[in-house]
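Below is one structure, written out as structure tokens, with a few remarks after it.
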Amino acid sequence: MCGIVGYIGDKDVTTLLLEGLKRLEYRGYDSAGVAVLKNNSLLISKEEGKIARLEKNIPETMQKARMGIAHTRWATHGEPSQKNAHPHLDTSRKIAVVHNGIIENFSHLKKKLQGEGFTFSSDTDSEVLPNLISKYYDGNLEKAVQKALLDIEGTYGILVICEDEPDTIVTARNGSPVVLGIGETDMFIASDTSAIVAYTRNVIYLEDHEMAVVKADHYKTMHISARETTKEIHEIDWDIGKIEKNGYEHFMLKEIFEQPETIENAFRGRILLEEGISKLGGFQLSVEGLHNIKRILIIACGTSYYSGLVGEYIVEDIAGIPVEVEYASEFRYRNPIIEDSTMVLVISQSGETADTLAALREARRKGAKVYGITNVVGSTIARETDGGIYIHAGPEIGVASTKAFTSQVVALILITLAIGRRHHLSQEKAQEIIKELKGLPQKIQSVLNQSDKIQKLAEKFYDYNHALYLGRGYNYPVALEGALKLKEISYIHAEGYPAAEMKHGPIALIDENMPVIVIATASNILEKVISNIQEVKARKGQVIAIATEGNESLAEYCDEVIYVPKVLEVVSPIVNVIPLQLFAYYIAVLRGCSVDQPRNLAKSVTVE
Ligand code: M6R
């Protein structure tokens, strides 16, 4: 999705803004632009396509400015093109704006402004902003922005500069994140801390309907109604190394290989073996509160939804509490039933996904207490939930979510331990799970050590056009996740199914051109899965099985077998997904795809 960066201070602004934009590339974009103020004049450069192109074409005259704003655009209104790229200027070309979000009443505002003599040169909704601000501008940018925002319906994260106020950037947010970085002698503003962490770790997060007036040595924040607000300064707890590739060819590969560490980070300091419990400080639920939970409703999108599905198996099996999992995009427009004893749990890596955020707000409107599992500290979802846990996976840059999935499942196990021990879960069983969690990083490493073998397998299958992923029980959601990984980064059509469901339709697709990836690890229904494998083989399908070490007999029925260590079924999704992530990664590389930024996709989907 779109990204914004702004800077005011003594560094070379164009270089810094381009650096910041590059740090936001992972979010997905189709055009980019920069505007700087130099010698009281606005200079602007925009390009369709990659930031490298923008950088190459930046005029010499834009160097050595001390204040500016920049943007990466992910098209919503109007095709990707230079004219639709941000920053946008007002008719008098004195005010420049970058905007993330969607102005819902833009066509009404545009018509009105055109009637008043303002002109437009793009197809975007965003261009109404500079003109609206210009309409209200009478020498005070702060006031003009406030007035303009009161006319706006929709979401925004904006940066505004004006030729007449060369020492000021005005920023505001509603539904689109804005973070302000406080430097020693300068200020940074961005939609994502990744853009500014190289320069400062001290940040403040704007709330919805809040704005800031930023100068190089000073800032003030206020509600858009003009009431001043006070902000807490937060310290970012990770460093620039976390958003660099560190020798890996792609972020996705780096993030897959980080999993022994990220999994450990998710449970470190949160489990007490002797008592068989988890301690979740941010969860904010009393013993009584935990005891009163009679139903859990999990809401999420994409990979986070699939980890939620794994959570359904875990919680029902281990804690004995009924769980429903729902797509956030569906939940937000239904009339869901939420009783007092229902715990709503939203899962989001980014903490900014628009559908998940809307579902969270809908659930709260209905009186529910909503808890969250998020990765990004200070994200909107993290701040709007009543409590929750961070997975501490560090920044996930690859658009395909990998380490977040495994850490989300760990978080769901921790929550299950917390709730389960107040319900049906015995101390002994909880201790068994905790021991298994502790041994996981090593077992994950042993799967990663097979990456060469998985790469060879990818060489055999990268040219196929379809793939079917099958799993049962705990590993049915893993089949869905494996298929999502393959389709989103390699553009191969892939579907995930509960293995036994295959005979109700998908079996018609099976022939020698259909690779079928089957998760066939140890479980009480393994024999049933083996029958499903035989059904595939009987129709000449090619079977790649994920099997438990020691189960040599599977090789008799399957074309290829990847062995993974034996683990308790409750943690098996965490282990079994790793070969599927690697398989998708190597196939995408072999097909020459843009692994970290697949086409049409964005890292955090902040539009509906
Ligand atoms: O940030 P979130 O977890 O809320 O994101 C949800 C989905 O957009 C995300 O998981 C998406 O499906 C990924 N591209 C999957 O790899």
Side-chain angles (χ1 to χ4, degrees), residues 1 26-28 74 175-177 191-192 194 250-253 255-256 259 262 266 298-311 325-332 345-361 370 372-385 388-391 393-409 411-412 469 477-478 480-492 494 496 577-578 580-585 588 593-608:
M1 297 274 114
Y26 77 95
R27 296 168 65 96
W74 189 83
S176 241
S191 49
D192 180 327
S194 309
H250 296 99
F251 281 110
M252 181 179 174
L253 190 63
E255 287 157 7
I256 292 172
Q259 289 175 105
T262 52
I298 300 179
I299 306 172
C301 303
T303 287
S304 298
Y305 172 81
Y306 294 148
S307 73
L309 285 182
V310 175
V325 190
E326 186 147 9
Y327 282 116
S329 52
E330 285 300 309
F331 176 88
R332 62 184 292 189
L345 183 63
V346 294
I347 308 178
S348 173
Q349 184 285 129
S350 62
E352 301 294 347
T353 301
D355 285 324
T356 311
L357 184 57
L360 179 173
R361 289 174 177 163
V370 183
I373 297 176
T374 51
N375 188 30
V376 178
V377 176
S379 58
T380 312
I381 290 176
R383 283 179 296 130
E384 290 199 15
T385 40
I389 62 177
Y390 285 120
I391 57 174
E396 192 181 63
I397 307 289
V399 163
S401 190
T402 52
K403 61 178 179 174
F405 175 83
T406 47
S407 294
Q408 286 165 350
V409 177
L412 284 156
Y469 285 72
V478 176
L480 297 175
E481 172 60 6
L484 176 63
K485 286 294 86 84
L486 187 71
K487 78 181 100 174
E488 70 178 330
I489 59 167
S490 72
Y491 319 140
I492 293 175
V577 78
I578 309 282
L580 305 188
Q581 295 170 344
L582 285 168
F583 185 64
Y585 169 77
C593 297
S594 167
V595 174
D596 285 332
Q597 293 155 40
R599 70 183 179 205
N600 305 337
L601 283 173
K603 181 62 186 165
S604 96
V605 184
T606 51
V607 295
E608 197 181 337

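As the structure lists them, so they are numbered: ligands from 1, and atoms in each ligand from 1.
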Original post:
Counting distance only, does the side-chain N/O of K485 pair as donor-acceptor with the main-chain N or O of Q581 below 3.5 Å?
Top reply: no

**OP:** Heavy-atom distances under 4.0 Å are what count here, so tell me which part of E352 touches ligand 1: side chain, backbone, both or neither.
**Re:** neither

Subject >> Validation row: D355, V605 side chains within 4.5 angstrom (heavy atoms) >> reply: no

**OP:** Using distance alone, decide if ligand 1 has a nitrogen or oxygen within less than 3.5 Å of any nitrogen or oxygen in K603.
**Re:** no

**OP:** Measure the CD-CZ distance between Q259 and F405 for me, rounded to the nearest 0.5 Å.
**Re:** 9.5 Å

Original post:
What's the shortest distance from atom 1 (O) of ligand 1 to any protein heavy atom, and which residue and atom give it?
Top reply: S350 OG, 2.7 Å

**OP:** Rounded to the nearest 0.5 Å, what's the gap from CD on E384 to OG on S379? Could you check?
**Re:** 10.0 Å

**OP:** Compare L357, V376, T303 and give the one whose heavy atom is closest to atom 11 (C) of ligand 1.
**Re:** T303

Subject >> CD1 on I299 to CG on L345, rounded to 0.5 Å >> reply: 9.0 Å

**OP:** Evaluate the ring planes of H250 and Y585, with Trp represented by its six-membered ring, and classify them as parallel (under 30°), tilted (30 to 60°) or perpendicular (over 60°).
**Re:** perpendicular

Original post:
Has ligand 1 got any nitrogen or oxygen that is less than 3.5 angstrom from a nitrogen or oxygen of L484?
Top reply: no

Original post:
For atom 2 (P) of ligand 1, what is the nearest protein heavy atom, given as residue, atom name and distance?
Top reply: T353 OG1, 3.2 Å

Subject >> Protein contact of atom 12 (O) of ligand 1 - nearest heavy atom, named by residue and atom, plus distance >> reply: G302 CA, 3.3 Å

Original post:
If you count the atoms of ligand 1 from 1 in the order shown, which ones are under 4.0 Å from a heavy atom of Q349?
Top reply: 1 (O), 2 (P), 3 (O), 4 (O)

**OP:** May I ask you to check whether S304 has an N/O atom sitting below 3.5 Å from an N/O atom of ligand 1?
**Re:** yes

Original post:
So which protein heavy atom does atom 8 (O) of ligand 1 come closest to, and at what separation?
Top reply: V605 CG2, 4.0 Å

Original post:
Could you state the interatomic distance from CD1 (I347) to OG (S304), rounded to the nearest 0.5 Å?
Top reply: 6.5 Å

Subject >> Closest protein heavy atom to atom 7 (C) of ligand 1, given as residue, atom name and distance to 0.1 Å >> reply: C301 O, 3.8 Å

Original post:
What are the atoms of ligand 1, with element, lying closer than 4.0 Å to any heavy atom of A400?
Top reply: 16 (O)

Original post:
Under 4.0 Å from any heavy atom of K485, which atoms of ligand 1 are there?
Top reply: 15 (C), 16 (O)

Subject >> Partner set under side chain to side chain donor-acceptor pair (under 3.5 Å) for S194, not counting sequence neighbours >> reply: D192

Original post:
Which pairs with one or both residues in residues 298-308 pass salt bridge (charged side-chain N to carboxylate O under 4.0 Å, His left out), sequence neighbours excluded?
Top reply: none

**OP:** Mark yes or no for whether Q408, through its side chain, and G308, through its backbone, hold a donor-acceptor pair below 3.5 Å.
**Re:** no

**OP:** Using a strict 4.0 Å cut-off to heavy atoms of E488, name the atoms of ligand 1 that fall inside it.
**Re:** 13 (C), 14 (N), 15 (C), 16 (O)

Original post:
Does an N or O from S348, backbone or side chain, lie closer than 3.5 Å to an N or O of ligand 1?
Top reply: yes

**OP:** Any chance you could measure L484, atom CG, to L580, atom CG, to the nearest 0.5 Å?
**Re:** 11.5 Å

Subject >> Proximal atoms of ligand 1 relative to S401 (non-hydrogen, under 4.0 Å) >> reply: 15 (C), 16 (O)

Original post:
Are V399 and ligand 1 in contact, using a heavy-atom cut-off of under 4.0 Å?
Top reply: yes

